[in-house]
Amino acid sequence: MDLHLTLDRSAGRLAFQLADRLRDLVRRGTLVPGHRLPSTRDLAGDLNVSRGVVVTAYEQLVAEGFLVSRQGDGTRVARAPVPEPPPTPAGAAHRRVLRLAAGMDAGPVDPPGITYDLRPGKPDLTSFPRERWATTLRDVLRGLPHAELNYPDPAGTRRLRAELAAYLARVRAAVAEPGTVVITAGVAHALSTVPRILIEEGHRLLAVEDPLAHQQIPLIRATGVTMVGVPVDEEGIDVAALARTRARALLITPAHQFPTGVVLSPRRRAALVEWARAVDAVIIEDDYDGEFRYDREPVGCLQGLAPERVVLAGSVSKALSPALRLGWAVAPPWLAVRLRAARALYDLGSSVLDQHVLAQMIASGAYDRHLRVMRRRYRDRRDAFTTALTRRLPAVRVHGVSAGLHAYVELPAGVDEAEVVARAAASGVAVEGVAQMRVRRPGPPAIVVGYARLSERRLAEAVELLARAVSPAARTDPETPA
Ligand SMILES: Cc1ncc(COP(=O)(O)O)c(C=O)c1O
């Protein structure tokens, strides 16, 4: 058996390297229990090292329990070289957590059999500004005082909080100062922390838009707060219905409702702020894609209207990449203090290096430039998608404004949403049905389509398949009379 062992002679410590490689082969199951290893003399000859190197490596792994060595029988892989996984707790709570974790994993790769991944939620990952990030990181490292490599302020570096306060004021019309900005590991982090603080303050209910992003549902439930779904119409959340709930806290996506794509109307904004003041409410504003509006300047955030009531939560997940796990919360001062304390108690904050890189990219204008490029690209993709779709399927309706990275496509009445999703998947197109995003109320069949990651040509191809999934009886060639 050729073990494909290669050692880096320039790195030295050859016995250590060899033990490392062999341990890895055992762990991965390439070398199975009972397998007999070459004699020390043979392996030393193969690797062109002294026999002592192999003897030392074998001894190391025997000591660790990966190998056994017996007089006259050579050296073999031990019967149970890899420790068994610890026993699994059998409790219902543990099973629930596993289910939640499974549901949260959106999967880094396309699901099997999928050629066109139109699931919403992710930006075009191929457009991440790798070079810019790398050169900025190099600049940061060159100038960073040693002391900055210590544990950070748990609320975030002063520099990033200052840059973000200015940026969010400029771009999102937020009312922000460095002291009220807390750096998070993304919007998800704010959503798992703020409700816990609200519970400490006596809240039990959190009103949410119905429908909402289904990935957020388990995350919010895990905080212990009870979600109350409030309907959404063409003007955004129904504030009268909200006022009929007993909730005094709300999670909302005013700039571009997820998933329906509508913008909270000026009337509803005013009514919402009035409600918040009347019942002493806290509003969590999920501003997940507020920088991507294509038909006009983005509407300023709700937080700018009522900074004493609204927590503005955003992240770089759509603008750069969700892999960074870097976001912010701009909170009323009392809540900013509590969020900072939560970071100090739970996790001691976010990566200082990433924070400095982002701060520098905002300060240099590189972040704005990247957004300008991406806005054009996404706008063209959205146009290509909606034009192709409505041409092929005049009976469907694309809801909402020209914004963001997804489109909400209402299907003709009577069409089975789950069947459309399944037929689309069978033909290689992944989209998401809206049923799973609803908290309580049923609604018309609809699918949510993330168009951000496919070229215009590939979007047109996907639309052809999607059209057949929606309307299997329809002819495929639009030029042919049906
Ligand atoms: C509605 C909504 N909010 C927030 C986010 C971003 O979450 P995070 O900042 O934790 O990556 C997403 C991403 O898919 C989203 O769809």
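Because the structure is a prediction, the values reported are computed rather than measured. Only this structure's heavy atoms are used, side chains among them; waters, hydrogens and symmetry mates stay out. First listed ligand is number 1; within each ligand, the first listed atom is number 1.
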Item to check | Other residues, nucleotides, ligands: >12 heavy atoms within 6.0 Å of Arg277 CZ | outcome: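 Enclosed.
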Next on the checklist: Measuring centre to centre across the rings, with the benzene-like ring taken for any Trp, is Tyr378 within less than 6.0 Å of Tyr294?
Outcome noted: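 No, too far apart.
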Checklist entry - Tyr451 and Arg381: side-chain donor and acceptor closer than 3.5 Å? => result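 Absent: no donor and acceptor within the cut-off.
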Next on the checklist: Less than 3.5 Å apart, any donor N or O on the side chain of Thr253 or Glu209 sitting next to an acceptor on the other?
Outcome noted: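 Judged by distance alone, the side chains do pair up.
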Next on the checklist: Can you tell me which residue among Gln355, Arg159, Glu163 is in a side chain to side chain contact (heavy atoms under 4.5 Å, CB included) with Gln360?
Outcome noted: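 Among Gln355, Arg159, Glu163, the one meeting side chain to side chain contact (heavy atoms under 4.5 Å, CB included) with Gln360 is Arg159.
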Checklist entry - Please walk me through it: do His399 and Arg397 pass side-chain hydrogen bond (donor to acceptor under 3.5 Å, both in side chains)? => result CA-CA 6 Å; His399 272 250; Arg397 214 175 124 232; 3.2 Å; yes
Next on the checklist: I'd like the contact residues of ligand 1, where contact means a heavy atom below 4.0 Å.
Outcome noted: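 Only Gly121, Gly186, Val187, Ala188, Ala213, Gln216, Phe258, Asp286, Tyr288, Ser315, Ser317, Lys318, Arg325 have heavy atoms that fall under 4.0 Å of ligand 1, ordered by chain and number.
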